[in-house]
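Here is the structure we will look at, set down as structure tokens.
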2 protein chains.
Amino acid sequence: MTENQPKKPSKSDRTRAQILEAARLLFAEHGYDGASIRDVAAQASIDPAMVIRYFRSKDELFARAAVVDLQLPALRVIDRTAIGETLIRRFLEIWEGPASGPGMAILLRSATSNEFAAEKLRDVFGNQVRPVVAAVADPADAGRRAGLVSSQLLGLAMCRYLLRLPPVVALSHDEIIQCIGPTLQRYAVGEDVS
Amino acid sequence: MTENQPKKPSKSDRTRAQILEAARLLFAEHGYDGASIRDVAAQASIDPAMVIRYFRSKDELFARAAVVDLQLPALRVIDRTAIGETLIRRFLEIWEGPASGPGMAILLRSATSNEFAAEKLRDVFGNQVRPVVAAVADPADAGRRAGLVSSQLLGLAMCRYLLRLPPVVALSHDEIIQCIGPTLQRYAVGEDVS
DNA sequence: TCCATTTGTCAACGATCGTTGACTTTCTAA
DNA sequence: TTAGAAAGTCAACGATCGTTGACAAATGGA
């Protein structure tokens, strides 16, 4: 036994990983409807039947592929004077950093026409974004404030990564931080946001 | 001849209008892929073949349905101290007013997985939003400023009308104007937006 | 009234989709 | 070495899709 994992070093769930990686790539690029199981199989150089064998259905495959962890809890101990800049910096890491996967792209790409993706995306902002805002603002306002923050971040993602609006794509990281950061700051802790 | 139109008072392009209305409703609700020609035909209480007869293909039907006129040119003569509030008020009229159709919803619903819709949406913000911003700001910055404005407006539309994020849905018109207006104001003419 | 154009109906086509089951190959443990 | 499980291959199913063409009904001007 070449043990390093808990129980199974297991030979070919590398196939499983290949399928999942191919699925995440294609779902992020073309959405739930636009990426067929046959496309995923071809991308993974494998038989379409194997996709169903490893994941029971396309829905289940999508559910496995659309996993998002923004890793925001670490921001709970942040000073409220820099929450806006911190949020937008984390946003750029999530979308363009090497570590984070295409989870958010997968959700956002399909959320407009797939109710499961939409619900999952609502969960992300309800369970991951909102707690962070609640930690720096009056918890009674956290809902609205997190919603405002989400509207700006989601719109930026739409314009820059999905719609690829040229002037938004052209923005440098510093420009984004300088332009969007203050907006998020105001949404999160601004006093004029009733 | 009961002439009022140029040539044809024409009896049954009311059918044509019925089909188009049904298509706009379903495209706005379920997107390009989610609304089939058979669905549109059923919604219009008509045979699926008629949809193809009146519009040559589903693509052409979508192109006819996805027509958007934000009617922003009237804003060219606006004082730059209230451009933010003016924009967000117009936004609410477009999305919730009785006159405006579901054109924007149609585009936004499909733009993430349909390249034609994406290109059309880029056109809207390039040919309709950008000129307005260019009229109140340095034309050299108009591209970036219009992009920022678009990111906020598009994100708000996503959260409120498509994703239906509860805290964003719950916002009143006055709250939206109070929260989003200053953001748009800063994006459009703010001095710290390089 | 009659004929031609328009308008609508119906069934089917080819393609693609998710999914299934039978089959063969490969690997592993006794 | 050999039996059995695991991994992979293949063809096909039923459903849905956009689209087409043949045909019937309705309409309207001569």
Side-chain angles (χ1 to χ4, degrees), chain A residues 1-3 5 7-24 26-27 29-66 106 109-110 113-117, chain B residues 1-3 5 7-24 26-27 29-66 106 109-110 113-117:
Chain A
M1 308 176 191
T2 64
E3 70 293 322
Q5 302 311 345
K7 275 295 165 59
K8 296 182 179 178
S10 58
K11 179 135 167 296
S12 286
D13 13 49
R14 195 184 328 185
T15 301
R16 200 184 180 87
Q18 281 179 20
I19 297 174
L20 194 61
E21 186 184 10
R24 285 170 69 83
L26 294 185
F27 281 144
E29 193 88 7
H30 304 107
Y32 180 87
D33 291 321
S36 70
I37 282 191
R38 283 172 170 85
D39 290 337
V40 172
Q43 175 75 25
S45 303
I46 224 165
D47 192 274
M50 297 301 297
V51 178
I52 297 292
R53 246 169 97 85
Y54 278 86
F55 307 82
R56 293 170 34 86
S57 67
K58 187 183 182 182
D59 287 319
E60 199 157 321
L61 173 62
F62 184 79
R64 293 284 181 180
I106 293 171
R109 184 77 78 177
S110 300
S113 57
N114 183 291
E115 185 50 36
F116 174 82
Chain B
M1 308 179 192
T2 65
E3 69 293 323
Q5 302 311 345
K7 277 294 166 59
K8 295 181 180 178
S10 60
K11 178 133 166 299
S12 287
D13 12 49
R14 194 187 327 188
T15 301
R16 199 183 181 89
Q18 281 179 19
I19 297 174
L20 194 61
E21 186 184 11
R24 285 170 69 84
L26 294 185
F27 281 144
E29 193 89 6
H30 304 107
Y32 180 87
D33 291 321
S36 70
I37 282 191
R38 284 173 170 85
D39 291 336
V40 172
Q43 176 74 26
S45 303
I46 224 165
D47 192 274
M50 296 302 295
V51 178
I52 297 293
R53 247 168 95 86
Y54 278 85
F55 307 83
R56 293 171 34 86
S57 67
K58 187 183 183 181
D59 287 317
E60 199 157 322
L61 173 62
F62 184 79
R64 294 283 181 180
I106 294 171
R109 184 77 79 177
S110 300
S113 56
N114 182 291
E115 184 53 33
F116 173 80

What I'd like to find out is whether the side chain of A/Arg24 reaches to under 4.5 Å of the side chain of A/Leu20, using heavy atoms alone.
yes
Does a side-chain N or O of B/Thr15 approach OP1 or OP2 of C/dG8 to a distance below 4.0 Å, or not?
yes
For atom CZ of A/Arg14 and atom C1' of D/dA6, their distance in whole Å:
16 Å
Which residues share a side-chain contact (heavy atoms from CB on, under 4.5 Å) with B/Arg109, sequence neighbours left out:
A/Thr112, B/Leu162, B/Arg164
Rounding to an integer number of Å, can you tell me how far B/Met50 CE sits from D/dA22 C1'?
15 Å
Below 3.5 Å between N/O atoms, which protein atoms pair up with nucleotides 16-19 of chain C? Just atom names and distances, please.
unit_1: C/dG18; atom_1: OP1; unit_2: A/Ile37; atom_2: N; d: 3.4
unit_1: C/dG18; atom_1: OP1; unit_2: A/Lys58; atom_2: NZ; d: 2.7
unit_1: C/dG18; atom_1: OP2; unit_2: A/Ile37; atom_2: N; d: 3.0
unit_1: C/dG18; atom_1: N7; unit_2: A/Arg38; atom_2: NH1; d: 2.7
unit_1: C/dG18; atom_1: O6; unit_2: A/Arg38; atom_2: NH2; d: 3.0
unit_1: C/dT19; atom_1: OP2; unit_2: A/Lys58; atom_2: N; d: 2.7

For B/Ile52, side-chain contact (heavy atoms from CB on, under 4.5 Å) partners two or more places apart
B/Ile37
Those residues that, when tested against B/Ser110, pass side-chain contact (heavy atoms from CB on, under 4.5 Å) (two or more places apart)
B/Tyr32, B/Phe62, B/Asn114, B/Ala117
Can you measure B/Ile46 atom CD1 to C/dT9 atom P for me and round it to whole angstrom units?
7 Å
A/Asp47 vs A/Arg53, nearer the 5' end of DNA chain D by closest nucleotide:
A/Arg53
Tell me what A/Phe55 touches on the nucleic acid: a base, only sugar-phosphate, or nothing, going by heavy atoms under 4.0 Å.
nothing
Pairs satisfying salt bridge (charged side-chain N to carboxylate O under 4.0 Å, His left out), at least one member in residues 48-59 of chain B, at least two apart
B/Arg56-B/Glu60
Qualifying residues under side-chain contact (heavy atoms from CB on, under 4.5 Å), relative to B/Glu21, sequence neighbours excluded
none
